[in-house]
Structure formats: structure tokens, C-alpha cells
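In this text, all values refer to a predicted model and were calculated from it rather than measured experimentally. All values below come from the heavy atoms of this structure, side chains included, with hydrogens, waters and symmetry mates left out. In each ligand, atom 1 is the first atom listed, and ligand 1 is the first ligand listed.
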Amino acid sequence: MIDPFKRLARKGLFLFDPETAHGMSIAALKSGLVPACQITPDPRLRQTVAGLTFENPLGMAAGYDKNAEVPEALLRLGFGFTEIGTVTPKPQSGNPRPRIFRLVEDEAVINRLGFNNEGHEAAFERLSVLTGKGIVGVNIGANKDSEDRIADYVAGIRRFYSVARYFTANISSPNTPGLRDLQARESLAALLSAVLAARDELAERSGRKIPVFLKIAPDLTEEGMDDIAAEALAHPLDGLIVSNTTLSREGLKDQRQAKETGGLSGVPLFEKSTAVLARMRKRVGAALPIIGVGGVSSAETALEKIRAGADLVQLYSCMVYEGPGLPGNIVRGLSELLDREKAGSIRELRDSRVDYWAARKV
Ligand SMILES: Cc1cc2nc3c(=O)[nH]c(=O)nc-3n(C[C@H](O)[C@H](O)[C@H](O)COP(=O)(O)O)c2cc1C
């Protein structure tokens with residue numbers, strides 16, 4: 001049951017096309033009109049992953065705050081971390097509008113934005129004046145017209161090294177033609193070598209090692225997953241993010257909107273992205289951190305990602321449907337689930353359903 005205030009706010013925002021509504025929600029966060037969430041810190045939710053201490057395991061996924069306009073306002077909603085971007089070296093306008101579609105009955109979104117963003121400099125300037133201590137990751141990508149995509153990722157590491165708490169190399173957006181080809185074994189090896197060499201050089205120079213995660217698609221074959229796991233383990237990568245949006249349209253109710261080109265996210269992505277997460281956990285072993293993302297809509301679904309092998313969890317699409325109270329509700333709900341499970345930490349529950357999810361046909 002959604003409360004009347006939320007229903008009204010949602011009805012109001014849904015009068016506008018999704019991209020306009022998104023702009024309005026960013027403006028509301030900037031203005032301070034959205035109330036901060038009161039959460040009592042729960043030490044059972046706190047954990048150190050890739051050398052960073054997260055107050056709780058729930059993060060805002062990339063794509064909402066592409067230009068680093070509202071990272072601190074997002075953290076005040078209850079998120080334990082947030083990820084800005086994807087940012088590309090040069091500003092770019094992305095694909096023609098309309099390019100975001102709501103599938104209301106499915107609680108899903110299709111987007112074909114194509115990395116619209118203001119470029120490295122604009123995001124860097126905003127991040128360099130942040131005063132808070134919250135964890136803000138920087139998701140980096142390549143310009144559509146880039147002649148050397150790997151060089152664009154390396155430029156991202158160099159530009160943001162002084163302000164990023166972690167990096168995500170996003171090679172899994174379906175909306176930049178050819179980008180997902182970077183997931184193929186030889187390209188991936190070259191990308192990871194270059195990105196991690198830049199990171200290691202800057203770590204040496206600054207005395208601070210910033211972790212790098214790799215964000216992958218859910219649309220991978222078993223061999224594709226084998227290759228990514230092998231390369232992830234062969235390089236000093238700090239973790240994986242599983243997953244980006246899917247090209248699949250299986251099981252959707254809104255057949256009209258389902259025909260739109262782009263990546264699908266939200267509730268219908270949950271099963272597929274969770275199965276791929278578990279399969280990757282089985283492949284990489286217990287030590288490599290994984291962030292689970294795709295269709296998280298509640299404390300239960302967040303915990304299910306953790307049971308399937310995730311250390312941390314992110315969401316985006318379900319906030320479109322549930323509103324800004326969602327992160328606080330999930331974090332409070334996780335504490336209640338830990339009470340019920342009599343668990344001393346979320347880490348205790350990680351992997352408890354890896355086999356179930358890895359065997360799941362999706
Ligand atoms: C409108 C929109 C824009 C997105 N843009 C990006 C992006 O720029 N970079 C990225 O790595 N992921 C992007 N994503 C993917 C999300 O970060 C996330 O991986 C995906 O939506 C699955 O999570 P969800 O089901 O909770 O939305 C975008 C998603 C949406 C809905």
C-alpha cells in the first residue's frame with residue numbers, strides 16, 4: 001500500500017514525461033525541499049568493502065545523478081553511498097528525446113539516453129567542493145565519437161582521482177554502440193590493464209589507493225561470464241557491479257512500451273540480474289567484492305541480492321515508483337530482517353542462497 005502523500009506526489013510527477021520529472025526531482029533535491037531521512041545507525045549494517053567503510057549497504061546507482069549535482073542530498077535520503085555519472089571526457093547530448101519510458105504496470109523503465117552528460121570538467125568542479133564525508137563513487141565511460149575508448153576511461157581515472165572514493169568502469173551500457181564489446185576477453189584485458197595501471201601509478205604518487213569496480217551487463221553467455229571472471233581475477237580489480245540494464249523484454253505486461261529500444265531496468269530485471277550476480281560470485285570466489293543492482297524494490301529484495309552473493313546493493317528505477325522515502329525504508333527494513341534472522345551482521349547472510357540463484361533459469 002502506498003501512502004496518500006506518496007500517491008499524490010507520484011501522480012503529480014507522472015503528469016510529466018519521465019525526463020522532465022527526473023529534472024524536477026533533481027531540482028527538488030537541490031532546493032532542500034525533500035526531507036532528510038532519520039535512521040538510527042545500526043552497526044550490523046556497517047561493513048568495510050574494498051577498503052571503504054559503508055554505514056549501510058544500500059547505494060544510489062549510476063545514471064540518476066549523472067552530473068554530480070546532488071550527491072550529498074541523495075546521501076541524506078538514507079543511502080550508504082551514491083555513484084555519479086556516467087561521465088565522459090567531453091560533454092555530449094545523448095540520443096534524441098523521448099529516450100526514457102515508464103512501464104508503470106511492470107514497475108520498470110526503458111532508457112536509451114546514450115550517456116548524455118556535461119563532461120568531466122563540470123562534474124569535477126562540483127565534486128571538488130563537496131565537504132561531507134559520505135561515499136561518492138565516480139562512474140566513468142567513453143564518448144560516443146571517441147577514437148580511443150580505453151583512453152577515455154584512463155582520462156576519467158586521472159581527472160577524478162583526487163575526488164572519487166571509488167571508480168566504476170562502465171562497459172555495459174547498451175546505448176553507446178559497441179561499448180559492450182569491451183566485455184569481450186581481449187578488449188577487457190586491455191581495458192583493465194590500462195585503467196588499473198593508471199590507478200596504481202596515482203596510488204603510488206598520492207599514497208591513496210582508490211578502488212576500481214567493473215560494471216557488467218546481465219545479458220552474458222556462460223562463456224562471457226567465464227571470461228570476465230578470469231580477467232577480473234587476473235588484474236588488481238577491486239570488485240564487480242552486477243548489473244546494468246538488459247536488452248531482454250521477457251515477461252512484460254506493457255507490450256506497447258516494451259517495443260522501445262534501450263535498456264530495461266526495474267522489477268522485471270530482478271531475477272536475471274540476481275542470477276548473473278550469483279553465477280559471478282561462484283566464479284570469482286568469496287574474496288572479490290560484488291555490488292548487486294537490478295530491480296531492488298524493498299528490504300527483502302535487497303537482502304536477496306546479499307544472499308545471492310552481493311556485499312553491497314544499489315537501486316535506481318524503483319525510486320521512480322516509490323519516491324524518496326524508499327532508501328530509508330529499505331535500510332530500516334534491513335535492520336528488522338536482521339532481527340528476524342538473528343544475524344549479527346549482513347556479511348553473515350551473504351552467499352546463503354548463491355546456489356539457488358546460480359541454478360535459476362532466466
Ligand atoms: C534512466 C537511467 C539511466 C541510467 N544511466 C546509467 C549510467 O549513466 N551509467 C550506468 O552505469 N548505469 C546507468 N543506468 C543503470 C542503473 O545504474 C542500474 O544498473 C540499472 O538501472 C538496474 O538497476 P534498477 O533496476 O534498480 O534501476 C541507468 C538506468 C536508468 C533507469
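- The two atoms that bring D152 and H120 nearest to each other are O-CE1, 4.2 Å, heavy atoms only.
- Protein residues having at least one heavy atom under 4.0 Å from any atom of ligand 1 are A61, A62, G63, K66, G85, T86, V109, N111, L113, N139, N170, K215, S243, N244, T245, S265, G266, L269, V293, G294, G295, L315, Y316, S317, listed by chain and number.
- Remark: the T168 side chain and the E83 side chain contain an N/O donor-acceptor pair separated by less than 3.5 Å.
- Residues K144 and T88 bring no donor and acceptor atom of their side chains to less than 3.5 Å of each other.
- For E105, there are no salt bridge (charged side-chain N to carboxylate O under 4.0 Å, His left out) partners, not counting sequence neighbours.
- The two residues R102 and P18 make their nearest non-hydrogen contact at NH2-CA, 3.5 Å.
- Summarising the geometry of Y166 relative to L52, their closest heavy-atom pair is CB-CD1, 4.1 Å, with the distance given to 0.1 Å.
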